[in-house]
Structures are given as structure tokens and as C-alpha cells.
S.K.: 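Structure in C-alpha cells, see below.
Remember, it's 1-based here, ligands and their atoms both numbered in the order they're listed.
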Amino acid sequence: MSDNKIVTRFAPSPTGFMHIGNLRTALYSYLLSKSQGGKFILRIEDTDQVRLVEGATDVIIKTLEMTGIDYDEGPGVGGDHGPYVQSERLPIYKEYAEKLVKSGHAYYCFCSAERLESLKDDKGIGGYDGHCRDLPAEVIEKNLAEGKPYVIRQKMPLEGTTSYVDQVYGEVSIDNSELRDQIMIKADGYPTYNFCHVVDDYLMGVTHVVRGNEYLTSTPKYCLLYDAFGWERPNYVHLPLLMGKDADGNVSKLSKRHGAVSFQDLVADGYLPEAIVNYIALLGWCPKDSNQEFFTMDELKQNFSIEGLSKSPAVFDYEKLKWFNSEYIKNMPDDRYEEKALPILREICADSVDIKKLASLLHTRIAVFSEIKDAVSFVTSRLDMDPSLYTNKKNKTTPEGCKVILEDCLPLLKDAASWDNDTLFELLKGYAASKELKAGAVMWAIRIAVARQGVTPGGATELMEVFGKEESISRIEQAIAEL
Ligand code: GLU
């Protein structure tokens with residue numbers, strides 16, 4: 001193992017999207033290594049050629065880049081243990097499988113597909129019966145010489161138990177009699193995950209295998225491979241399942257029916273990568289002695305430890321993610337916020353709208369960027385007017401009273417010296433004073449007339465600034481005509 005340092009890896013299969021559970025695995029694996037100054041490797045597990053999706057590796061790399069999970073070795077980055085894509089390592093697996101055949105821990109199996117099929121019951125379930133486990137050497141030679149297709153199987157011990165201590169779940173133990181002689185190398189020469197990930201983890205010096213708990217109970221088989229090779233077993237850190245809330249109040253494995261489950265979909269829905277990372281960091285882990293909820297990546301690296309991991313399933317709560325996201329948006333520096341908000345507004349607003357000003361009114365009011373469109377529908381269209389909006393108890397306004405205010409203010413606004421918030425505010429305040437009206441009543445009338453909805457980001461004069469003079473005047477004229 002290199003320099004006694006922790007080495008972890010993320011070993012996704014390129015499926016075309018990054019499930020949020022996989023991203024959490026990547027994050028925890030990264031954090032475990034980085035919390036101790038270790039190394040983190042990205043390895044692409046693409047040996048299941050049937051499931052390959054074009055461009056899928058790019059999705060993985062892009063996601064890691066966007067979330068700030070940077071790997072020390074992997075595709076595109078290089079390193080001493082490459083190649084880092086399994087389909088480019090086929091000769092290595094072959095070589096290591098042959099070693100186990102030689103040492104008696106694996107064997108060639110020549111059983112035909114028909115024979116294997118016949119071992120299954122009517123439900124299609126049935127295990128391999130070990131038919132080729134002890135073929136005489138001459139038969140093997142002959143079959144190989146004849147070019148008979150074969151797979152290589154792991155020779156499981158028939159008795160005893162195999163156990164290991166998982167760092168999260170504790171001891172896991174299995175009766176060897178329950179283990180099938182699983183395939184290591186398939187007839188087409190491709191290795192199975194069950195075999196090649198072990199070879200890779202060893203050759204890449206991985207000290208801690210961090211992954212989903214669906215592998216918890218198959219790990220004894222992998223331990224037996226380490227033992228067969230005479231290699232030191234790595235530490236295992238299996239992570240609890242991510243669940244989603246069902247409509248009936250129960251929980252089940254997080255899937256599409258709960259909402260967006262891929263990183264890309266969440267980003268497309270307006271979530272920020274750093275908010276997503278912060279939220280999923282807490283789905284199965286918590287800091288030891290604090291209730292801290294907000295973490296930068298650096299803080300996560302400082303605080304992460306295996307002891308903080310939980311073995312109970314974590315429930316993905318979209319509302320909580322939304323809350324995190326709104327806090328992250330609020331705290332975004334203006335320039336970064338505008339980078340995201342302005343293009344959306346530019347696309348949907350008329351040229352006369354001051355989108356920079358509008359964006360700033362929305363800054364503390366949206367939880368996800370995708371809410372912007374609805375939040376400004378009162379700007380992009382003239383909503384149906386509900387006259388009862390003019391009635392406001394606190395400001396003592398009525399539709400009739402508002403009509404008078406609007407009629408009085410219209411010429412004043414037309415003559416306004418300039419069209420900015422301060423000037424407009426002073427102008428309306430002056431008018432209110434001259435009529436012994438509450439400034440609030442005047443602002444109320446104008447705000448409703450201009451926005452045509454009750455709740456708005458910003459007050460009357462801010463909104464007029466956003467709309468510009470022409471549109472504001474036109475909206476007030478329409479409001480007067482309707483009253
Ligand atoms: N390719 C496997 C997966 O995506 C990796 C499991 C592991 O980390 O060992 O599930």
C-alpha cells in the first residue's frame with residue numbers, strides 16, 4: 001500500500017446519469033480520504049457491455065467537477081495505476097484469473113448455456129451445481145485444445161464461514177455453503193464486477209472500499225478472493241440506503257417517483273451544486289460534537305469521519321434540500337447570483353424591464369432558480385385584476401379611494417424628473433403629505449395598479465423602476481380605466 005496513506009475510490013458504472021445516492025457514495029469516499037490527507041481515485045466500471053451508454057463517463061466526470069470532488073487519479077488525470085477504465089484492463093483480469101486457476105482457487109467451466117438453464121426451477125431460479133469444479137486435467141486440456149467456450153469460476157470453500165468487520169455495520173458473516181461458484185471471467189473474455197473490482201482495488205492500492213450497502217452481503221465472496229491471492233483485505237465502509245417519502249407516508253428506496261433523483265435533473269431544476277453537496281453530506285453522516293448544518297467542502301473535509309456515519313437508512317427530503325438551496329442563494333455574492341438569474345430573466349422579460357433590479361428584488365425570495373419564471377409572471381404579463389386587492393385594512397384603502405390616488409398621481413408621474421426609486425418615492429411621499437394621506441395608502445394603490453397582484457417582491461416605487469416609465473404609466477392608466 002502506498003505510503004500508508006488512505007486510498008479510496010469511486011467506481012461508478014457509466015449509466016448515463018448520476019443518481020444522488022451514487023453522488024453521496026462518491027462524496028463520502030472522497031471525504032474519508034481527504035479528511036486524512038489520502039488519495040482518491042476515479043475508476044470507470046464498464047465491463048457490463050450491454051448496459052453501456054454513450055457519453056456516460058463524461059456525465060460522471062462533469063458531475064465530479066461541478067461538485068468539487070476532485071480525484072487524484074483517474075480517466076483524463078492519469079496516475080501510476082492506469083488505465084482507469086475497466087474495459088481497457090481486460091488482459092490484467094485474465095492474468096489474475098489464471099493465477100487463481102493455477103493455485104486451485106478457480107476453475108474452467110465448460111457447461112453449456114442449455115445445461116445451466118436446465119438447473120433452474122420454473123421460477124428461473126437455480127444455482128450452479130459445481131459440475132466442472134473437479135474436472136480431470138486431461139479433460140480440461142482437451143476442451144481448451146478444441147476451443148470449447150468456457151468461463152472461469154471462483155472455487156468457494158464448501159464448509160466453514162467467512163466474515164469481515166464492516167466499519168459501519170459491524171461483523172458480517174456468511175456460511176460458505178451458501179456461496180455459489182460465481183463467474184469471474186465470462187465466455188466473451190470480459191470479467192464480472194465480482195472479480196475485477198477486487199483485482200483493481202488491490203492493484204490500485206485501495207485501503208478503504210466505500211460503497212452502497214447492496215454489496216454488504218456479497219463482500220465475504222470478495223474477501224475470499226483477497227485471501228486466495230494472499231492479499232491483505234481492505235477496510236469496508238458500506239453506506240445505508242437512500243430512501244424517499246411515499247405518498248402514503250411510508251418510505252422506499254429513492255427513485256424517480258419521489259422526484260428528481262439525478263444530479264443533472266436537480267441542477268436543471270435550479271438547485272446549486274454546493275447546496276446539493278451540503279445536503280447529501282448530511283444524509284447518513286453527521287458531525288461528531290456539533291449541530292452544524294452548513295458546510296463548505298473544506299469544512300466537510302475537516303470534519304468527516306467514519307464514526308459519524310449512520311447505518312439507518314436516510315430519507316431524502318426535497319423540502320429540506322429546497323431550504324438549503326434558498327439559504328445558499330441568499331448567501332450568493334451578487335455577481336454569481338446574477339450570472340444565474342439574469343439569463344433566465346433576459347429570456348422572458350421585455351427589453352424595457354430593468355432585469356438587474358428585478359433580479360436583486362428576487363435574490364432573497366426564491367428557493368430555486370426555476371421559481372423565477374413564476375415569480376415574475378406579473379412582470380411578463382398583465383395578470384387579471386382582482387379589485388378587492390385595493391382594499392387594505394392597515395392602510396385604510398378602498399378601490400374608490402385608490403382610484404382617486406391613481407388619478408392624482410398619474411400626471412405627477414408623467415412629469416417625474418427622473419425614473420428611479422428615490423425620485424419616485426419622494427414624489428409619492430410628497431403627494432401623500434399634500435393630501436394628508438398615509439404614504440402607505442398611496443404606495444398600496446400604486447403597487448396594486450402596477451403589479452396587479454397582492455404579494456410582490458419590492459414596493460411600489462421599486463417595481464415602477466423595474467417596469468420603466470412607459471409600462472408603469474400604461475399599467476396605471478389601465479387600472480384607472482378598470483376601476
Ligand atoms: N460499479 C459498481 C456500482 O456502480 C461499484 C461498486 C463498488 O463501489 O464496488 O455499483
S.K.: Flag the pair E293 and K320 as a salt bridge only when some basic side-chain nitrogen lies within less than 4.0 angstrom of an acidic carboxylate oxygen.
M.R.: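 Here E293 pairs with K320 in a salt bridge, since their nearest N and O are under 4.0 Å apart.
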S.K.: Return a yes/no value for E45: is any of its N or O atoms, backbone included, closer than 3.5 angstrom to an N or O of ligand 1?
M.R.: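 Yes, E45 has an N/O under 3.5 Å of an N/O on ligand 1.
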S.K.: May I have the step-by-step check of side chain to side chain donor-acceptor pair (under 3.5 Å) for R211 and H197, ending in yes or no?
M.R.: CA-CA 12 Å; R211 65 182 163 209; H197 88 274; 3.1 Å; yes
S.K.: Using a strict cut-off of 4.0 Å, indicate which atoms of ligand 1 neighbour a heavy atom of Y193.
M.R.: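 So the answer, numbered in order with elements, is 2 (C), 5 (C), 6 (C), 7 (C), 9 (O).
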S.K.: Heavy atom of R9 under 4.0 Å from ligand 1?
M.R.: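 Yes, R9 has a heavy atom closer than 4.0 Å to ligand 1.
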S.K.: Could you check T15 against S13 for side chain to side chain donor-acceptor pair (under 3.5 Å), going step by step and ending with a plain yes or no?
M.R.: CA-CA 6 Å; T15 55; S13 304; over 6 Å; no
S.K.: Given 3.5 Å as the limit, does a donor-acceptor pair link the side chain of D175 with the main chain of S177, or not?
M.R.: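 The answer is no, because no donor-acceptor pair under 3.5 Å joins these two groups.
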S.K.: Can you check whether A11 has an N/O within less than 3.5 Å of an N/O in ligand 1?
M.R.: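 Looking only at distances, the answer is yes, because the N/O contact criterion of under 3.5 Å is met.
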S.K.: Is it true that a side-chain atom of N176 and a backbone atom of M156 form a donor plus acceptor pair closer than 3.5 Å?
M.R.: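 Checked: no pair found.
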S.K.: Using a strict threshold of under 4.0 Å (side-chain N to carboxylate O), is an ion pair present between K94 and E98?
M.R.: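 Salt bridge present between E98 and K94.
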S.K.: In terms of atom number and element, which parts of ligand 1 are under 4.0 angstrom from non-hydrogen atoms of S13?
M.R.: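 Counting from 1, the qualifying ligand atoms are 1 (N), 2 (C), 3 (C), 4 (O).
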S.K.: R211 versus ligand 1: do any nitrogen or oxygen atoms come within less than 3.5 Å of each other?
M.R.: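 Checking ligand 1 against R211, an N or O pair does fall under 3.5 Å apart.
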S.K.: Students should be able to answer this: which protein heavy-atom is nearest to atom 10 (O) of ligand 1, and at what distance?
M.R.: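 Its nearest protein heavy-atom neighbour is Y215 OH, 2.6 Å.
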